[in-house]
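Reviewing the structure listed below.
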Amino acid sequence: MRTVFSNARLIDPEAGTDAPGWMLTGGGTILDQGRDAPPDCDRVIDCKGACLAPGIVDIGVKICEPGERHKESFRSAGLAAAAGGVTTMVTRPDTLPAIDTPEVLEFVTRRAREASPVRIKPMAALTKGREGREMVEIGFLLDAGAVAFTDGDHVVTDTKVLSRAMTYARSLGALVMAHPQDPGLSGGAAATSGKFASLRGLPSVPALAERMGFDRDMALVELTGVRYHADQITTARALPALERAKANGRDVTAGVSIHHLTLNEFDVGDYRTFFKVKPPLRAETDRLALVEAVASGLIDVISSMHTPQDEESKRLPYEEAASGAVGLETLLPAAMRLVHAGAISLPQLWRALALNPSRRLGLSTGRLARGAPADLVLFDPDAPFVLDRFALKSKSKNTPFDGARMQGRVLGTWVAGTRVYDGD
């Protein structure tokens, strides 16, 4: 069945345009678009002037299967993603057990296919058990469907092990995703070093720890020539090193979480553990530098870094509480804060939310071009609402935006032309 989306505001990150028009889809792909009268079609969806954009591709989503299904399942995460306009989730391997063998990866892939209404692309661990001692069978895991390799926030401290893994990944063309932090400085930290952390009496990590970790990784990238993606750059101190690496022709990209783009260290307030994330929230000067880096294209990807935690692990003293926040459903409205503040345009935002992550992973999504998958999100960028965390579709409700006034409501989500969420 062919469907035309009429009276839409088309957000095209590839062309960098934001213009009224219509879009024709059929057979799971985009067939055509234009600005004149739309063609006759089997089905017409009147967008009523709302924004129609490529579905979000979210790198770094944690789904707690296997091992912690009470926190998040493929079904609940898929429903949350659809409600948030996320059409592809790139999932982390920090499960119990870790996704470090083809057998576990095949289990994850099968469960995702059975339970999730959106696409799921799994990453695999870089070392066995994410313990940093022995690299995984990268070739077999690539054959089983792994799109990248990462140990997540378990930084590999043995540089010989990491360099060997990177060399092997380079020979196979595999992407390595790393968490740039100096583990000695960042271990046990709950806040960023500074006056605020001192006044609150919180164990802290200096912002320089991120640059130290990134500098080490860049030296190994120079040594091995591996394709490298930094999961989160969160400080201004790391940005010059990222700029130098790109200028020197390294195959390097970087991401940032939506929480580090829209919140700062003062949001912790009276030890509110829903604001405890990893790395910890940074200074306002860092936040502003990151927003500028996204707008300029220095930082390539914005992600939710969706990390479900149950009530028991969050209702603890701030130092002891688990790190992480859910973000699949809040990614779009939180990102709209940047647009409404005039810091970034919608095409620039969707470049970081959909186009760049698709390109980095070699996916055909993230575009509105003819022949691209009809993975789409229809949203009203101005619709106001107050977020109620208990209305979230995720099993875990640990969002820092609970009770916040937000703008940007998803009206519909399509995967391969099939509607998977109806927010009307």
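None of the values given here were measured: they were computed from a predicted structure.
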- Task: Quickly, which of Lys246, Arg351, His229 forms a side-chain hydrogen bond (donor to acceptor under 3.5 Å, both in side chains) with Asp300? Name it, please.
- Result: Lys246
- Show your reasoning for whether side chain to side chain contact (heavy atoms under 4.5 Å, CB included) applies to Asp58 and Ser303. CA-CA 5 Å; Asp58 193 4; Ser303 63; 3.3 Å; yes
- With a 4.5 Å heavy-atom cut-off, do Trp350 and Asp12 have their side chains touching? no
- Message: Between Leu162 and Asp217, is the side chain to side chain contact (heavy atoms under 4.5 Å, CB included) condition met? List the steps.
- Response: CA-CA 9 Å; Leu162 183 55; Asp217 287 357; 4.2 Å; yes
- Which heavy atom in Ala197 sits nearest to a heavy atom in Thr192, and how many Å separate them? CB-O, 3.4 Å
- Message: For a salt bridge (Lys or Arg N to Asp or Glu O under 4.0 Å) check, start with the C-alpha distance between Arg9 and Asp18, then their side-chain angles and the critical distance, and finish with the verdict.
- Response: CA-CA 7 Å; Arg9 180 179 164 189; Asp18 174 357; 2.8 Å; yes
- Message: Quick one, Thr307 and Val326 - any side-chain contact, counting heavy atoms below 4.5 Å?
- Response: no
- Asp251 versus Tyr228, side-chain donor and acceptor atoms under 3.5 Å: no
- Residues Lys62 and Glu68 bridged, charged N to O under 4.0 Å: yes
- Message: Run the salt bridge (Lys or Arg N to Asp or Glu O under 4.0 Å) test against Asp310 and tell me which residues pass, sequence neighbours left out.
- Response: none
- Message: Looking at Arg287 and Glu265, is there a salt bridge between them, counting it only when a charged N and a carboxylate O are closer than 4.0 Å?
- Response: no
- Can any side-chain N or O of Arg227 pair as donor or acceptor with the backbone N or O of Ala169 at less than 3.5 Å? no
- Qualifying residue, where the test is side-chain hydrogen bond (donor to acceptor under 3.5 Å, both in side chains) with Asp153 and the options are His179, Lys278, Arg92, Gln181: Lys278
- Task: Take Glu210 and Arg282, measure what salt bridge (Lys or Arg N to Asp or Glu O under 4.0 Å) needs, and give me the verdict at the end.
- Result: CA-CA 11 Å; Glu210 181 170 278; Arg282 307 299 193 178; 3.8 Å; yes
- Message: Please give me the minimum heavy-atom distance between Gly132 and Val161, naming the atom from each residue.
- Response: O-CG1, 3.8 Å
Could you pull out every donor-acceptor pair under 3.5 Å between side chains of residues 376-393 and any protein atom, sequence neighbours left out?
{"from": "Asp380", "atom 1": "OD1", "to": "Asp382", "atom 2": "N", "distance (Å)": "3.0"}
{"from": "Asp380", "atom 1": "OD1", "to": "Ala383", "atom 2": "N", "distance (Å)": "3.4"}
{"from": "Asp388", "atom 1": "OD1", "to": "Phe390", "atom 2": "N", "distance (Å)": "3.1"}
{"from": "Arg389", "atom 1": "NH1", "to": "Glu311", "atom 2": "OE2", "distance (Å)": "2.9"}
{"from": "Arg389", "atom 1": "NH1", "to": "Lys397", "atom 2": "O", "distance (Å)": "3.4"}

- If you look at every heavy atom in Val108 and Pro122, which pair is closest and at what distance? CG1-CB, 4.4 Å
- Message: Given 3.5 Å as the limit, does a donor-acceptor pair link the side chain of Lys314 with the main chain of Thr273, or not?
- Response: yes
- Pairs where residues 48-78 contributes a residue and the test ring pair (Phe, Tyr, Trp, His ring centres under 6.0 Å) is met, not counting sequence neighbours: none
- Message: So does Gly145 get a backbone contact from the side chain of Lys121, meaning a donor-acceptor N/O pair under 3.5 Å?
- Response: no
- Candidate pair Val256 and Val301, rule side chain to side chain contact (heavy atoms under 4.5 Å, CB included), full reasoning: CA-CA 6 Å; Val256 62; Val301 173; over 6 Å; no
